[in-house]
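For reference, the structure is listed below as structure tokens.
Protein chains get the first letters and strands the later ones, always in sequence-line order, with residue 1 at the start of each. Just so we're clear, the structure is a prediction, and the values are computed from it rather than from any experiment.
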2 protein chains.
Amino acid sequence: MTAKSRRANAAPQTRRPKAASRPRAAEAKREFPDERRQVLISEPARLFGSKGYENTSMRDIAAAVGILPGSLYHHFPSKGDLFIAVYSFAVSQSMDAVKAAVASRVEPWGRLEAACIAHMQGLLDKNRFAAVLVSHLSVDSLPEQVVILRDRYEAVFKELIAELQLPAGIDQRIFRLGLLGSMNWAITWYRPGGETPASIARKLLNAVRRG
Amino acid sequence: MTAKSRRANAAPQTRRPKAASRPRAAEAKREFPDERRQVLISEPARLFGSKGYENTSMRDIAAAVGILPGSLYHHFPSKGDLFIAVYSFAVSQSMDAVKAAVASRVEPWGRLEAACIAHMQGLLDKNRFAAVLVSHLSVDSLPEQVVILRDRYEAVFKELIAELQLPAGIDQRIFRLGLLGSMNWAITWYRPGGETPASIARKLLNAVRRG
DNA sequence: TCGCCAAACAAACGGTTGTTTGGTAGTTGA
DNA sequence: TCAACTACCAAACAACCGTTTGTTTGGCGA
């Protein structure tokens with residue numbers, strides 16, 4: 001961020017007020033604006049995820065969306081707010097995928113395995129909608145809202161690990177951070193075509209499995 | 001990189017030719033130029049490690065060194081070459097620390113633990129000379145020379161893991177990448193003042209320990 | 001038909017980026 | 001003594017950055 005972000009108040013991604021009055025008039029004449037909105041989120045998500053935040057310019061995003069750079073500011077007040085919107089979308093997408101995968105399993109280690117597979121697939125598979133979640137790594141000074149969303153996502157894993165009934169000698173917090181780190185770091189060495197993300201997830205979990 | 005790096009040929013960090021003729025004339029009159037060289041490496045290392053490559057400008061580096069921006073180009077042909085020099089320095093520093101720590105232990109798991117502690121301390125402790133090793137994460141297109149250095153460093157862990165005689169069901173490559181990932185990722189959540197890097201390293205290794 | 005408004009265009013703004021150029025002290029080797 | 005060289009300064013360069021401004025377009029409700 002350029003340390004010069006005016007008007008950083010209010011909830012950013014809560015655009016589209018009076019949303020209830022809009023879809024009433026939609027009679028299949030045109031695509032709904034939500035479809036446009038999705039392009040305005042998924043394209044920067046793809047760019048942020050593959051090139052990183054700093055290496056993705058507003059001009060890059062505008063070109064990918066098919067718009068002029070200045071027009072982006074009709075939808076988002078700043079690049080930072082756009083990133084938060086993208087990050088928020090990625091968190092909810094990935095959290096839905098993880099929860100759905102977990103729901104089909106019953107034993108604790110099986111549930112955690114399903115969560116890890118879903119996490120890795122969102123990170124490394126075709127569309128890679130979750131890659132943006134690990135694209136910052138600025139180490140310091142990432143927006144507070146991003147931290148909140150990240151913690152909310154990791155809380156899902158926190159619960160799954162609590163179910164494991166690990167021995168008392170194991171620190172559950174370090175266990176969680178280590179497991180997530182080993183998965184997230186895979187984005188630095190994973191190459192498509194080789195081992196599948198699901199297989200990698202299973203092997204990473206097997207390394208810490210016991211019993 | 002800005003995708004427009006001219007003159008990217010030849011070995012970059014192999015500056016200082018005829019280095020053997022220099023220390024002969026040094027009669028304690030002034031500090032050796034090697035001392036200056038160290039500042040020219042350690043300061044950008046500190047900046048790259050804490051703010052990342054993209055967020056560190058040549059003007060930032062020049063100010064930290066105590067020089068004008070253009071003068072940096074007397075020592076390094078480009079920012080990318082400076083990064084490679086810094087990265088190379090960090091790899092050799094960290095590799096020395098790891099090898100020294102390993103030498104004092106005999107049993108395989110103890111040797112790996114010593115290596116992990118040394119790795120984490122270089123990453124997270126006061127000067128954090130190894131933080132630059134994980135400061136890129138550009139996912140794609142990092143210079144080939146950096147990849148070579150990184151692989152050479154990780155080969156140390158590869159040997160230590162081979163000594164462990166892990167069960168046949170454990171993939172040693174994934175085990176190594178997972179362990180290193182769990183440690184490297186700690187730079188995103190570690191805060192000084194709490195648990196020590198050595199303690200974190202021990203706990204992360206304990207999670208995958210067996211026997 | 002009128003007024004409104006979201007959405008986009010067209011063109012610039014000031015500032016920062018990595019980098020280049022030309023000159024200049026100070027030391028060094030012959 | 002003098003040429004050569006190292007290390008640096010001072011000033012600029014073009015390119016790109018995020019962002020702003022003013023205007024145009026097209027569709028919808030009243």
Side-chain angles (χ1 to χ4, degrees), chain A residues 1-8 15-37 39-40 44 47-48 51-84, chain B residues 1-8 12 15-37 39-40 44 47-48 51-63 65-84:
Chain A
M1 316 292 165
T2 57
K4 203 188 291 185
S5 62
R6 307 147 255 240
R7 66 167 108 156
R15 246 47 178 77
R16 202 174 4 132
K18 309 168 198 154
S21 67
R22 177 58 60 100
R24 178 174 54 80
E27 303 174 300
K29 185 179 183 180
R30 278 292 172 106
E31 62 279 341
F32 342 84
D34 287 346
E35 195 167 306
R36 189 94 188 101
R37 174 85 184 178
V39 173
L40 284 165
L47 291 170
F48 285 146
K51 305 201 306 176
Y53 178 80
E54 310 294 344
N55 283 323
T56 303
S57 70
M58 292 298 265
R59 285 167 178 82
D60 293 337
I61 296 168
V65 173
I67 219 177
L68 287 190
S71 304
L72 285 172
Y73 290 83
H74 176 72
H75 303 276
F76 307 98
S78 73
K79 187 187 179 185
D81 288 286
L82 169 56
F83 180 79
I84 291 177
Chain B
M1 319 291 164
T2 57
K4 203 188 291 185
S5 60
R6 307 148 255 241
R7 66 165 107 158
R15 248 44 180 80
R16 200 174 6 133
K18 310 166 199 155
S21 66
R22 176 58 61 99
R24 176 174 55 80
E27 303 175 299
K29 186 179 182 180
R30 278 292 170 107
E31 61 279 340
F32 342 84
D34 286 345
E35 196 167 306
R36 190 95 189 99
R37 174 83 184 179
V39 173
L40 285 165
L47 291 170
F48 284 146
K51 307 201 304 174
Y53 178 81
E54 310 294 345
N55 284 324
T56 303
S57 70
M58 293 297 266
R59 284 165 178 82
D60 293 337
I61 296 168
V65 173
I67 219 178
L68 288 191
S71 303
L72 286 172
Y73 289 83
H74 177 71
H75 303 274
F76 306 98
S78 75
K79 187 188 179 185
D81 289 286
L82 169 55
F83 179 81
I84 291 177

- Note on the structure: Residues A:A64 and A:L47: closest non-hydrogen pair is CB-CD1, 3.9 Å

- Task: Identify the heavy atoms of A:H75 and A:R37 that sit nearest to each other, and give their distance.
- Result: O-NH1, 4.5 Å

- Does the side chain of B:R36 come within less than 4.5 Å of B:I67's, by heavy atoms? yes

- Message: Expressed as a whole number of angstroms, how long is the span from B:F83:CZ to C:dG18:P?
- Response: 14 Å

- Rounded (10°) bend between the five-pair end axes of the helix from C:dT1-D:dA30 to C:dA30-D:dT1: 10°

- Query: Looking only at heavy atoms, what is the nearest atom pair of A:V39 and A:P44, with distance?
  - Reply: O-CD, 3.8 Å

- Under 4.5 Å between any side-chain heavy atoms of B:R59 and B:L68, yes or no? no

- Under 4.0 Å: is that the gap between some side-chain N or O of B:S57 and OP1 or OP2 of C:dT16? no

- Do any side-chain nitrogens or oxygens of B:R36 fall under 4.0 Å of OP1 or OP2 in D:dC8? yes

- Give the rounded distance in Å between these two atoms: OH of B:Y73 and P of D:dA7. 18 Å

- Message: Starting the side chain at C-beta, find the nucleotide from C:dG18, D:dT19, D:dC17 nearest to B:M58.
- Response: C:dG18

- State, with a plain yes or no, whether a side-chain heavy atom of B:F76 is found less than 4.5 Å away from one of B:I84. no

- Report the nucleotide, chosen from D:dT6, C:dT19, C:dA7, that has the shortest atom-to-atom distance to any side-chain atom of B:H74. D:dT6

- Query: Whole Å only: how far is the CG atom of A:D60 from the P atom of D:dG18?
  - Reply: 8 Å

- Task: Give the rounded distance in Å between these two atoms: CD1 of A:I61 and P of C:dA8.
- Result: 15 Å

Protein-nucleotides 9-13 of chain C N/O pairs under 3.5 Å:
residue : atom : partner : partner atom : Å
C:dC9   : OP2  : A:L68   : N            : 2.7
C:dC9   : OP2  : A:S71   : OG           : 3.4

- Task: Rounded off to whole Å, could you give me the CD-to-C1' distance for the A:E54 and D:dG18 pair?
- Result: 12 Å

- Ignoring backbone atoms, establish whether A:H75 has a side-chain N or O less than 4.0 Å from OP1 or OP2 of C:dA8. yes

- Cation over ring, B:K79 on B:Y53, under 6.0 Å and within 45°? yes

- Figure out the OH/P separation between A:Y53 and D:dG18, and round it to whole Å. 8 Å

- Message: Without decimals, in angstroms, what is the distance between B:K79 NZ and C:dT20 P?
- Response: 15 Å

- Query: What's the shortest heavy-atom distance between A:D60 and A:N55, and which atoms?
  - Reply: OD2-O, 3.7 Å

- Message: Within the 4.5 Å heavy-atom criterion, are B:L82 and B:L40 side-chain neighbours or not?
- Response: no

- Interatomic distance where CG belongs to A:L72 and P belongs to D:dG18 [whole Å]: 10 Å

